[in-house]
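Below: the structure, in C-alpha cells.
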Amino acid sequence: WDQFFKRRGKDGTFEWYGEYNDLCGVLHKYCKPKHRVLVVGCGNSRLSEDLYDVGYQSQVNVDISEVVIRQMTERNQQRRPEMQFSKMDLRAMSFEDGHFDVVLDKGTLDAIMSSDSAEVSEDTNTILKEIGRVLKAGGRYLCVSLAQQHILTKLMDFFPNDWFVRVHKVEKASSKGAMSDRWYLPDFLFVLTKKATSAMPQVL
C-alpha cells in the first residue's frame, strides 16, 4: 500500500466506491455533524475532506499506510486544521471503548477480504470486533461494499442478532452514462447499529 500511494502522490485520489455526491444522500441519514466519526482505511479518498467541508469536523481518519497518512496530513493541515490522521492497525486500535458514534468504511472491508483464507477470515473477525468495541451504544458501522457473497455472509454471520441491520443500494450519479449496464457494479451501504445490550462475538 505504501508503494501504491507513493506513485499517486499527496494530491492524487483514488475513489474505490463512489464519491461524496454519490453517498451523501444516504450517509447523512445516519451520520450527523455532531457525531464523532472514525474513518477506517481512509486512503487518499476525498470523502473525509468533503464531509469536513459540510460540517463533519469531529472525525479521525486511520490507515495502515504511513505514506498515505503523511500525505493526507500535509494535504489538509492548513485548510482543515481539525482533521486528524493516524497510522493504525485496525486489528488493535488504540481508542477507548465506545469512543465513536459512527465508524465509516468505504471499501476497506472488501479490500481486506480479498481471499477466503483462514488467516484473512481471522483478521477480519478481529477488525470487526474492534469496530464494535470502539462504537458507543446506539452507534453505527456504515460499510460501503460491493456486497459480494463472502462479504455479505461475513457481516451477517459475525454480528449478533441484537444489532439492527439496514441495507441501501447506492445510486452513483458520477457513473451515469460512463459505463454500460453490462459492466456496472452497484455499491451498497450496510448500516449496522449497536444496541445498548449488544454483545460482540469472542475472537479466540
Side-chain angles (χ1 to χ4, degrees), residues 1-24 27 31 35-96 99-115 117 119-120 122-135 140-146 148 151 170 172 174-175 185 187-190:
W1 285 111
D2 282 346
Q3 293 301 317
F4 174 85
F5 291 119
K6 281 181 180 177
R7 288 195 298 270
R8 302 196 72 85
K10 72 174 183 178
D11 295 321
T13 61
F14 193 83
E15 301 296 347
W16 290 98
Y17 297 155
E19 300 176 2
Y20 171 76
N21 288 337
D22 304 318
L23 300 167
C24 64
L27 280 182
C31 183
H35 286 157
R36 186 176 292 170
V37 180
L38 172 64
V39 182
V40 293
C42 63
N44 57 17
S45 169
R46 293 198 180 277
L47 179 61
S48 297
E49 297 165 328
D50 291 333
L51 285 169
Y52 184 97
D53 291 345
V54 296
Y56 292 76
Q57 298 183 1
S58 181
Q59 58 170 282
V60 179
N61 298 268
V62 299
D63 200 283
I64 193 65
S65 169
E66 184 174 354
V67 170
V68 81
I69 290 300
R70 184 172 62 250
Q71 290 174 346
M72 293 297 283
T73 299
E74 292 174 357
R75 195 165 94 184
N76 289 284
Q77 59 188 354
Q78 293 186 347
R79 184 175 176 184
R80 303 176 181 92
E82 295 181 23
M83 286 190 77
Q84 300 178 48
F85 294 92
S86 298
K87 179 183 182 298
M88 197 171 295
D89 188 333
L90 298 183
R91 295 171 296 183
M93 290 189 279
S94 60
F95 307 112
E96 296 178 354
H99 189 69
F100 294 98
D101 299 285
V102 172
V103 174
L104 177 56
D105 165 357
K106 185 164 79 83
T108 298
L109 181 63
D110 284 19
I112 291 168
M113 293 192 66
S114 56
S115 77
S117 71
E119 181 180 2
V120 167
E122 182 178 349
D123 284 346
T124 303
N125 288 344
T126 302
I127 289 168
L128 293 177
K129 185 173 185 293
E130 277 288 274
I131 287 172
R133 180 185 67 78
V134 303
L135 274 173
R140 296 184 175 103
Y141 173 37
L142 306 182
C143 178
V144 181
S145 168
L146 290 178
Q148 294 172 287
I151 302 291
V170 177
K172 293 194 285 189
S174 60
S175 66
L185 292 175
D187 297 336
F188 296 88
L189 175 69
F190 290 87

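On a predicted model such as this, the values are computed, not experimentally measured, just so you know.
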Under 3.5 Å donor-acceptor, R46 side chain and Y20 backbone: no
side-chain contact (heavy atoms from CB on, under 4.5 Å) evaluation trace for L90 with T108: CA-CA 10 Å; L90 298 183; T108 298; 4.0 Å; yes
CG on D101 to CD on Q59, rounded to 0.5 Å: 13.0 Å
Any donor-acceptor pair under 3.5 Å from R75 side chain to N44 backbone: yes
Validation row: L51, L104 side chains within 4.5 angstrom (heavy atoms): yes
Gap separating the CG atom of D22 from the NZ atom of K106, nearest 0.5 angstrom: 8.5 Å
Test side-chain contact (heavy atoms from CB on, under 4.5 Å) applied to L47 and L27, step by step: CA-CA 11 Å; L47 179 61; L27 280 182; 4.2 Å; yes
From R133 atom CZ to F100 atom CZ, the distance as rounded to the nearest 0.5 Å: 10.0 Å
Heavy-atom donor-acceptor pair, D63 side chain to G43 backbone, under 3.5 Å: yes
Reported CG-to-OG distance for the pair D105 and S145, which is rounded to 0.5 angstrom: 8.0 Å
From CZ (R79) to CG (D53), nearest 0.5 Å: 5.0 Å
Note, I69 side chain near C42 side chain (heavy atom, < 4.5 Å): yes
Flag, side chain of N61 to backbone of F85, donor-acceptor distance under 3.5 Å: no
Contact summary for V103 and V40, nearest pair of heavy atoms: CG1-CG1, 3.9 Å
Gap separating the CG atom of D123 from the CE atom of M113, nearest 0.5 angstrom: 11.0 Å
Steps toward side-chain contact (heavy atoms from CB on, under 4.5 Å) verdict (L146, I151): CA-CA 8 Å; L146 290 178; I151 302 291; over 6 Å; no
Stepwise side-chain contact (heavy atoms from CB on, under 4.5 Å) test for V37 and C31: CA-CA 8 Å; V37 180; C31 183; 3.7 Å; yes
Side-chain donor-acceptor contact under 3.5 Å, E49 with N76: yes
R91 side chain vs E130 backbone, donor-acceptor pair below 3.5 Å: no
4.5 Å side-chain heavy-atom contact, L38 and V62: yes
Beyond-backbone contact of Y141 with L128, side-chain heavy atoms, under 4.5 angstrom: yes
Side chain Q57, main chain E82, donor-acceptor under 3.5 Å: no
Check: N125 side chain, E122 main-chain N or O, donor-acceptor pair, under 3.5 Å: no
